[in-house]
2 protein chains.
Amino acid sequence: MPRKPKERASRAATLHDVAAQVGVSAITVSRALNTPERVSEAVRERILAAVDALGYVPNRSARTLVSSRSQTVVVLIPSLSNTVFIDTLAGINDVLDPHHYQILIGNTGYDDAREERLLRTYLSHAPDGILLTGLRQSDGMRTWLDKLHIPVVHMMGLDPQAQRYCVGFSQQAAGAALTQHLLQRGYRNVAFFGARLDERVMQRAAGYRQALQEAGIYREDLEWLTPEHSGIGLGASMIAKALQQRPEIDAVFCCNDDLALGVLTYCQRNGIAVPQRLAVAGFNDLDGAAWATPTLTTIRTPRYDIGHAAASMLLDLMSGNTPAEPMQDLSFTLQAREST
Amino acid sequence: MPRKPKERASRAATLHDVAAQVGVSAITVSRALNTPERVSEAVRERILAAVDALGYVPNRSARTLVSSRSQTVVVLIPSLSNTVFIDTLAGINDVLDPHHYQILIGNTGYDDAREERLLRTYLSHAPDGILLTGLRQSDGMRTWLDKLHIPVVHMMGLDPQAQRYCVGFSQQAAGAALTQHLLQRGYRNVAFFGARLDERVMQRAAGYRQALQEAGIYREDLEWLTPEHSGIGLGASMIAKALQQRPEIDAVFCCNDDLALGVLTYCQRNGIAVPQRLAVAGFNDLDGAAWATPTLTTIRTPRYDIGHAAASMLLDLMSGNTPAEPMQDLSFTLQAREST
DNA sequence: GATACGGATGTTAACGTTAACAGCCACCCA
DNA sequence: TGGGTGGCTGTTAACGTTAACATCCGTATC
């Protein structure tokens, strides 16, 4: 014998409840809500009234199950406390919300293993599409995703082999451009401060090295890299240590604005003249950069646009189209300010 | 005649696929994954191998549908770009993740109508519990939620009538405490800068008024309130305007740290001595407050703990318990620093 | 050696919705 | 007046999973 009917004190109203109240069949209620033009106006109005009265909310699980379309997109980002990714999310949301896609945000914490675990969990929602940050995902994950035939677009970076859909800009080119700017300004002992050391930071570092090597003045001992989480305090302590170990440095390229603001704070408190004694540059152009004293030279990154374009591309893929351009380079802008 | 079987080129593996490969029934596979101790070791191992080989991912919709438990919690917050709520989310996540609850984040954008719309959408996921920011939700929404019997916990504020589950602190008491601090320091013409004007900002303003009225020196014309979005730039422009209109002000209570940092920046650039000519105080104690020049006096808010405690309370409610204390006041701390 | 017990596995139905097709009926046109 | 047309509504089954029993079989018990 099958299980007993539930004896819940109360349960959420279903299509059948609404249908019973109005005196029609469930499918008619479904149509009244999803394809109103296929239901006569009189019936539709009575249905909508009943829906309101009963507080009916459609059950997404049932719909997903039967229609095999979840209207859901999974977005994995490394951090929620980094404005960069929040801005990206805003771009994504602005594209997907009008199309009634639900966004499931996964926070990987810059941890590859956790990213894989998260993705696996989120796949159980049967998403219609996936947005990933970076291109570092393991081969295992790749073949696994391929098996499921769910469209995937990568954000922030570019695929050197152009084999995956991606929207971003060359972190390395940006790193090189900022370094060249410092060289043009006459600085010769340019340090690099890197924290967290994720994919993007290492690419910026590569750009820094490339620029200095081309100028023939690259020195390995002017790089300070730490896996610690970035922050203003960390920037301050890094510059303190760096100036002690290598007093000859006359410029610092910080892998992000937080570190750079910490460096500026330290300089201000210790009477180090910026940009005369020390030039300081950051990366991302966060809100604080233009308001620091002195104002901070940095790279403006098109993060909102990346989210927007990536979501648009995903939308395209989800409707079965093949985007004309599988790789979109949205570039970056050098914001030269007082600190250099 | 019913619909034709689908002719998908490929589909995600199901329990039946795994079962067929191993030569057992679907329910055994289900048990091997959910209650492994109820399946013999030999069979379990073969099942896990097949799961791996086929890349099987359980279908959450089907599970939710049949078990009427979605293992999902909806969290509505006003903004993703405000560190306060991100910290709260971290606390929530740290509690719910170990219990394998999925978190659905909804961003209301400080908009009550949007909040109601979002909630309705998210209810279609049949969440097991809901976390809301603030207590401002409309009566309509309340009765509606009551009807569904889904546990709800409110965060950040306290319910004066103690009729709802909530975890937070008294924004008004915090506002009063900070204002009293300024009075103790000898300031007499204390201005209030408010932006965005959400529930919490208005409560802080109420605390500010209360403290000044008690001291008998409240002046309505020292309040600058704007619905604009908060930010460093806004703080700078507000202080410029305020000093022009009411040069006698000798202290500013900013409704959040962003505005206060803007005020500090303006003072620094215009040679206004802080705290001699003008005292500046913020609210929240964000990362930047301790690194500003001068360091910023502010209220440290227990936002991580609020998320943590609210999620714990919700967990309790979701397992059918009644929390001993339906209202948790986590209080706040005054961080007196150089700027006052 | 019959009986009870319990661990392992299976069978059936149900969750709430929508796809696919099947009526039904009013209306129009020849 | 008969046949076709089109708008509206209904019937049935299916999506993938789990709850609730049912069954089987080996082992312990007296």
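Throughout, protein chains are lettered first and strands after them, A, B, ... in sequence-line order, and every chain is numbered starting at 1.
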Practice task
Rounded to the nearest angstrom, tell me the gap between atom CZ in A/Arg38 and atom P in C/dG23.
Solution key: 17 Å

Handout entry: Non-hydrogen atoms of A/Gln137 and A/Met141 that approach each other most closely
Key = CG-CE, 3.5 Å

Completion exercise
The nucleotide from D/dG10, C/dT9, C/dG16 with an atom nearest the side chain of B/Thr28 is C/dT9

Practice task
Please report, rounded to the nearest Å, how far the P atom of D/dG7 is from the CD atom of A/Glu41.
Solution key: 16 Å

Exercise for the section: Please confirm whether any donor atom in the side chain of B/Arg60 sits under 3.5 Å from an acceptor in the base of D/dG16, or the reverse. Expected result: no

Practice task
Cation-pi check, B/Arg303 to B/Phe85: give yes when NZ or CZ is under 6.0 Å from the six-membered ring centre and within 45° of the ring axis, no otherwise.
Solution key: no

Handout entry: Euclidean distance, atom CG of residue A/Asp17 to atom P of C/dC15 [Å, nearest integer]
Key = 11 Å

Practice task
Would you mind reading off the distance between A/Leu65 atom CG and C/dT18 atom P, rounded to a whole angstrom?
Solution key: 12 Å

Exercise for the section: Can you figure out which of C/dG10, D/dT11, D/dT17 approaches the side chain of A/Ser25 most closely? Expected result: D/dT11

Handout entry: Between P of D/dT11 and CD1 of A/Ile27, the distance in whole Å
Key = 11 Å

With a cut-off of 3.5 Å and sequence neighbours excluded, list every side-chain donor-acceptor pair involving residues 91-102 of chain A.
| residue | atom | partner | partner atom | Å |
| --- | --- | --- | --- | --- |
| A/Asp94 | OD2 | A/Tyr304 | OH | 2.5 |
| A/Tyr101 | OH | A/Arg69 | NH2 | 3.2 |

Practice task
Measure the distance from CG on A/Asn34 to P on C/dT17 and round it to the nearest whole Å.
Solution key: 10 Å

Exercise for the section: Can you figure out which of C/dT9, D/dT18, C/dT17 approaches the side chain of B/Ser40 most closely? Expected result: C/dT9

Practice task
Using the closest heavy atom to pick a nucleotide of DNA chain C for each, name whichever of B/Glu37 or B/Ala62 lands nearer the 5' end.
Solution key: B/Glu37

Completion exercise
Between OH of A/Tyr56 and P of C/dG16 the distance, given in whole Å, is 10 Å

Handout entry: Closest to side chain of B/Leu15, choosing from C/dT11, D/dC8, D/dT17
Key = D/dT17

Practice task
Check DNA chain C against residues 119-127 of chain A and give the residues with a non-hydrogen atom under 4.0 Å, in numerical order.
Solution key: none

